[in-house]
Amino acid sequence: MSKFSSIAAAALIMLGTTLPVVAQDDTLTISVTFGPTAEVPDPRAGYNGWMSNQTGVTETLMGIDYDLNLYPRLADSIQQTAPTIWRVTLRDGLAFHDGSAVTAQAVIDAIGPISDENDPAFNKRIAGVLDLAGMSADGDRAVIFETNSPNAAFQWSLSDPGVAILGAPSEAFPINATGPYIFRGAVPEQSYRVEANADYRLGEPGFDALRVVASPDPATASLAFEAGDVDMVINYPETDFERIQGTGAQGFTAPTARLYFYSMNTASGPLANPLIRQAVSLAVDRDGIVDAVLSGVGGVPAGTIYPAGKSWAADIPSTYDPVLAEELLAEAGAVKQGGVWMLDGAPIEIEILTYSSRAALPPTAEITQAFLQQIGITATVRVGEYGASNEAMLAGEGDMFLQAWVMLPQGDPGSILGFLLSSNGGSNAGRYANPALDALLVEGQTTFAQAERERIYDEVQQIIATDVPLLPVFHVSQAVVARAGLTGYRVHPTETYWITHETRFVE
């Protein structure tokens, strides 16, 4: 165990209490880190679709199963009939929450606004992934999608939670969807309420209602769970996961595609030099961080952006070599004086930015700081809100931005890599620009042969490993706790599915 494990363990406060059970069996109260963005959060806008999908309100044409395979969800089938033409046939007998039929035209009416810059449902991120030139109905049950260019990720993009199939809204059904639960209201940044859809096509849901409450502080969420105020906590603090199960709680954990990684400031400051970025990567002991931060609950040191042995992962091990790190610093022109690396007469100073809504983020940043200081790089940590940290990074006010993203939310690598690393990527916080990488990302989107796509994305991952615009730290296993007796629940590798119609408590 890393010496940092004992430091982290010493900081924990263990509450040896017995878990009370006070919640009602017909209502499930779930604590999560992020709340809704509006009183009626349109599932197509921003990332609102994640919560509506997670709570069983909305459904998509395609879905991702627990093995990260694509499957027809509201669709009965999907067929590519030309390089830019896709035919989606709907399941028979689908209905919205208000009882109206799900038709091909209704699907078009739901998806069209995503690409309309003048519509409140406009979503630049999803519109870019879909890349739609047009849609048309072929009868009531078939939708013909045409993309602007060949798009190998198109069928996967139809599983994005934001591509929710919605009917006409009304006062009774402001989010008129198809899932096992019906939206009943939200308080921005605080709570989200749904009720059972007794007419759900796959069977009556296991709960009369679900209530989601936002608790950005993981420690507060764990205290609320022990007090019996909530029945379930998504992303429970890893350091307390083993102990809480001893109080009678039920624990769930499974590997996910969520990666903890640093966006590196490639446009200004010391990390604009790729040699210094490589040195920083080699100075960070991923094994030590996993030991200290995740307390054995689950986490794998990351050499690349996908978990080793899983879909799309290149064979790139994580490497810890502080000696080589210092050699690279010298090659970059730095000089070590009094145990501190100097560049152009000033100490190399690196500011690490992160946020606190995931329990593992701040300690990961602090341990990274310690590893950098061990080799003589001055480092500081600033913990703030996600948006503020992202804006600071974009403004060049930070050097490393620690984030935690699901890297395969749609099962396909193209979209996330484009957001994070393409020259015009909407989430390119490090302002990285590499024409060769841009060309590969386009090639990956327009190539349909699976073996060739794997070769392309292997090359992308090699560029990331060499140029270090992103520094992968670890792949995490999500930790979830619930009061005893919960059945029908599994941790999904994309984290975009929580509650199905089968989830219930059995005493």
Side-chain angles (χ1 to χ4, degrees), residues 60-72 75 77-88 125-133 145-160 163 255-259 261 302-317 405-428 432 434-467 469-470 472 475 493-494 496:
T60 49
L61 292 172
M62 304 296 289
I64 303 295
D65 68 16
Y66 284 83
D67 295 316
L68 290 174
N69 297 315
L70 189 70
Y71 71 93
S77 63
I78 184 168
Q79 179 185 12
Q80 186 181 19
T81 60
T84 60
I85 304 295
W86 299 81
R87 179 186 178 89
V88 175
R125 173 185 64 85
I126 299 175
V129 175
L130 291 172
D131 191 30
L132 285 172
F145 294 93
E146 182 179 0
T147 58
N148 287 303
S149 59
N151 183 357
F154 177 75
Q155 59 181 332
W156 297 86
S157 71
L158 296 179
S159 73
D160 189 296
V163 190
T256 73
R258 183 172 294 279
L259 174 70
F261 67 96
T304 187
I305 54 180
Y306 307 117
K310 299 294 184 180
S311 177
W312 302 105
D315 185 14
I316 301 174
W405 281 43
V406 174
M407 303 305 287
L408 288 167
Q410 303 148 348
D412 186 274
S415 61
I416 291 296
L417 289 173
F419 298 144
L420 288 171
L421 291 174
S422 70
S423 298
N424 61 353
S427 296
N428 187 348
Y432 182 63
N434 183 331
L437 183 65
D438 289 344
L440 282 171
L441 293 175
V442 171
E443 187 180 359
Q445 288 286 99
T446 56
T447 300
F448 288 89
Q450 181 64 19
E452 183 63 12
R453 294 192 82 214
E454 290 175 0
R455 180 200 64 77
I456 291 166
Y457 288 116
D458 276 1
E459 189 173 345
V460 168
Q461 290 172 78
Q462 291 293 340
I463 291 175
I464 294 170
T466 300
D467 214 21
L470 299 182
H475 303 280
T494 69
T496 56

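Just so you know, residue 1 is the first one in the sequence shown, and it goes up from there.
The minimum heavy-atom distance between W156 and S159, with the atom names listed, is O-OG, 2.7 Å. The two residues A302 and L259 make their nearest non-hydrogen contact at CB-CD1, 3.7 Å. Nearest heavy atom pair, residue P472 against residue G303, reads CG-O, 4.2 Å. Closest non-hydrogen pair, V129 versus F419, comes out as CG2-CZ, 3.7 Å. Among all heavy-atom pairs drawn from T494 and L68, the shortest one is CG2-CD2, 3.7 Å. Taking every heavy atom of both residues into account, N428 and S422 meet most closely at ND2-O, 2.9 Å.
Contact annotation: the side chain of L61 approaches that of F145 to within less than 4.5 Å [non-hydrogen atoms, C-beta and beyond]. By the 4.5 Å heavy-atom criterion applied to side chains, D412 and Q445 are counted as neighbours. With a 4.5 Å cut-off on side-chain heavy atoms, V460 and L441 count as touching. Here the side chains of L440 and I463 are in contact, with some heavy-atom distance below 4.5 Å. When side chains are defined from C-beta on, M407 counts as touching L420, because their heavy atoms get closer than 4.5 Å. Here the side chains of R125 and D160 are in contact, with some heavy-atom distance below 4.5 Å. Between S157 and V163, the closest side-chain pair of non-hydrogen atoms is not below 4.5 Å. No side-chain heavy atom of I464 sits under 4.5 Å from any side-chain heavy atom of I316.
With rounding to the nearest 0.5 Å, the separation of CG in L130 from CG in L132 is 5.0 Å. In this structure, CD1 on I85 lies 7.0 Å from OG1 on T147, to the nearest 0.5 angstrom. Atom CD of E443 is separated from atom CG of D438 by 13.0 Å, given to the nearest 0.5 angstrom. Separating the CG atom in D131 from the CG atom in N148 is a distance of 4.5 Å, to the nearest 0.5 Å.
Applying the side-chain contact (heavy atoms from CB on, under 4.5 Å) rule to A313 yields the partners Y306; only residues at least two apart in sequence or on another chain are considered. Applying the side-chain contact (heavy atoms from CB on, under 4.5 Å) criterion to T256, with sequence neighbours excluded, gives R258, V476, Q478, V491, E495.
Looking at D315, T466, T304 one by one, the single match for side-chain hydrogen bond (donor to acceptor under 3.5 Å, both in side chains) with Q461 turns out to be T304.
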side-chain contact (heavy atoms from CB on, under 4.5 Å) between L408 and I64, intermediate numbers included: CA-CA 10 Å; L408 288 167; I64 303 295; over 6 Å; no

From CA spacing to verdict: side-chain contact (heavy atoms from CB on, under 4.5 Å), V406, T496: CA-CA 9 Å; V406 174; T496 56; over 6 Å; no

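With 3.5 Å as the limit, one finds a donor-acceptor pair spanning the side chains of N434 and Y432. Side-chain polar atoms of T447 and E452 form no donor-acceptor pair below 3.5 angstrom.
A distance-only check finds no donor-acceptor pair linking the side chain of D67 to the backbone of N69 [under 3.5 Å].
Between W86 and F154, the ring planes lie tilted relative to each other; the angle falls in the 30° to 60° range. Ring geometry for W312 versus Y457: interplanar angle over 60°, hence perpendicular rather than tilted (30 to 60°).
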